[in-house]
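In what follows, a single structure is set out as structure tokens and then discussed.
Just so you know, ligand 1 is whichever comes first in the structure, and atom 1 is the first atom listed for that ligand. Here, residue 1 is the first one in the sequence, and each next residue gets the next number. Please read these numbers as outputs of a predicted model, since none were measured by experiment.
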Amino acid sequence: MSKLKILVMNGPNLGHIGKRQPEIYGTLTMDDLPGMLVGVMGSAASGVELVHFHSNSEGALIDRLERAREEGVKGIVFNAGAYTHTSLAIADCLAWIGLPCVEVHLSNIWARTDQPLRQRSLMGERCIGVIAGFGILGYALAVQALYQRIATV
Ligand code: DQA
């Protein structure tokens, strides 16, 4: 059986997860994701193929989203970093490409009450769900959610 291809995307300032402000974003890195995924999904994790992409540029993120469908990607896990709060262009892209996307944040953006701008997501309404506040585990939970949504319909 072919694996379920899921694109895991990280936006600006998320190329150094684990080093960047660890008191907010944690010390684990994207390298810890495969192990987490097995912890969350068990043997079902072997049915998933993760494709990773990181860019600090809005246009490159949109280009990657547009390419995803042609490459057989079935779902997207997307931490758009600060573009979450500002990018109508990314929200517009998610609205038309027709792939299910889970928005992920390492921190709980709604608990960051000292910075109200972070509590707003422009892309959220174009996603099937949002996971925030669980660090790298959030990516694994998002992959599991996509797997269950896609593999069971
Ligand atoms: C973030 C939250 C954003 O507000 C911030 O700009 C980031 C990281 C998170 O994962 O918690 O870059 O998306």
Side-chain angles (χ1 to χ4, degrees), residues 4-41 45 48-69 71 73-150:
L4 193 76
K5 200 167 174 177
I6 292 180
L7 176 62
V8 180
M9 305 223 335
N10 277 315
N13 299 303
L14 292 166
H16 300 277
I17 296 172
K19 289 191 187 133
R20 174 189 174 196
Q21 294 171 286
E23 68 286 4
I24 299 174
Y25 299 115
T27 53
L28 298 182
T29 73
M30 290 304 286
D31 291 340
D32 294 304
L33 179 55
M36 290 248 174
L37 199 58
V38 173
V40 167
M41 296 183 67
V48 173
E49 178 191 351
L50 299 185
V51 180
H52 292 269
F53 184 75
H54 162 258
S55 178
N56 291 318
S57 308
E58 188 176 25
L61 292 165
I62 292 169
D63 288 345
R64 188 67 190 87
L65 287 171
E66 288 185 338
R67 276 207 320 274
R69 179 190 270 286
E71 294 167 355
V73 168
K74 298 289 188 246
I76 300 162
V77 173
F78 195 3
N79 185 350
Y83 286 141
T84 303
H85 319 297
T86 62
S87 177
L88 194 55
I90 286 175
D92 281 353
C93 185
L94 290 172
W96 82 264
I97 58 168
L99 287 171
C101 179
V102 178
E103 175 180 339
V104 168
H105 299 285
L106 296 157
S107 64
N108 179 354
I109 54 173
W110 293 281
R112 299 178 70 173
T113 49
D114 55 326
Q115 291 171 292
L117 187 56
R118 292 191 198 277
Q119 298 176 307
R120 180 185 72 159
S121 167
L122 296 185
M123 61 185 276
E125 70 179 274
R126 303 302 182 184
C127 293
I128 61 169
V130 182
I131 297 172
F134 299 102
I136 292 292
L137 175 63
Y139 292 74
L141 296 172
V143 171
Q144 185 196 30
L146 279 169
Y147 180 80
Q148 281 186 223
R149 175 69 68 101
I150 298 163

One pair per line, please: each N/O atom of ligand 1 matched with every protein N/O atom under 3.5 Å away, atom names first, then the distance to 0.1 Å.
unit_1	atom_1	unit_2	atom_2	d
ligand 1	4 (O)	His85	NE2	2.7
ligand 1	4 (O)	Arg118	NH1	2.8
ligand 1	6 (O)	Ala82	N	3.2
ligand 1	6 (O)	Arg118	NH1	2.9
ligand 1	10 (O)	Asn79	ND2	2.8
ligand 1	10 (O)	Leu106	N	2.7
ligand 1	11 (O)	Leu106	N	3.3
ligand 1	11 (O)	Ser107	N	2.9
ligand 1	11 (O)	Ser107	OG	2.6
ligand 1	12 (O)	Arg20	NH1	3.0
ligand 1	12 (O)	Arg20	NH2	3.2
ligand 1	13 (O)	Asn79	OD1	2.8
ligand 1	13 (O)	His105	ND1	2.8

- Judged by modelled atom types alone, do Asn10 and Tyr139 share a side-chain donor-acceptor pair under 3.5 Å? yes

Check Lys74 with Glu49, please: is the shortest side-chain N to carboxylate O separation under 4.0 Å? no

So, Ser55 side chain and Ser57 main chain: donor-acceptor pair closer than 3.5 Å or not?
yes

Residue pair Thr84 / Glu103, side-chain donor-acceptor N/O under 3.5 Å:
no

Correct closest heavy-atom pair for Ile17 and Leu28 would be CG2-O, 3.4 Å

Fill in: Exercise: do Arg112 and Ser107 side chains pair donor with acceptor under 3.5 Å
yes

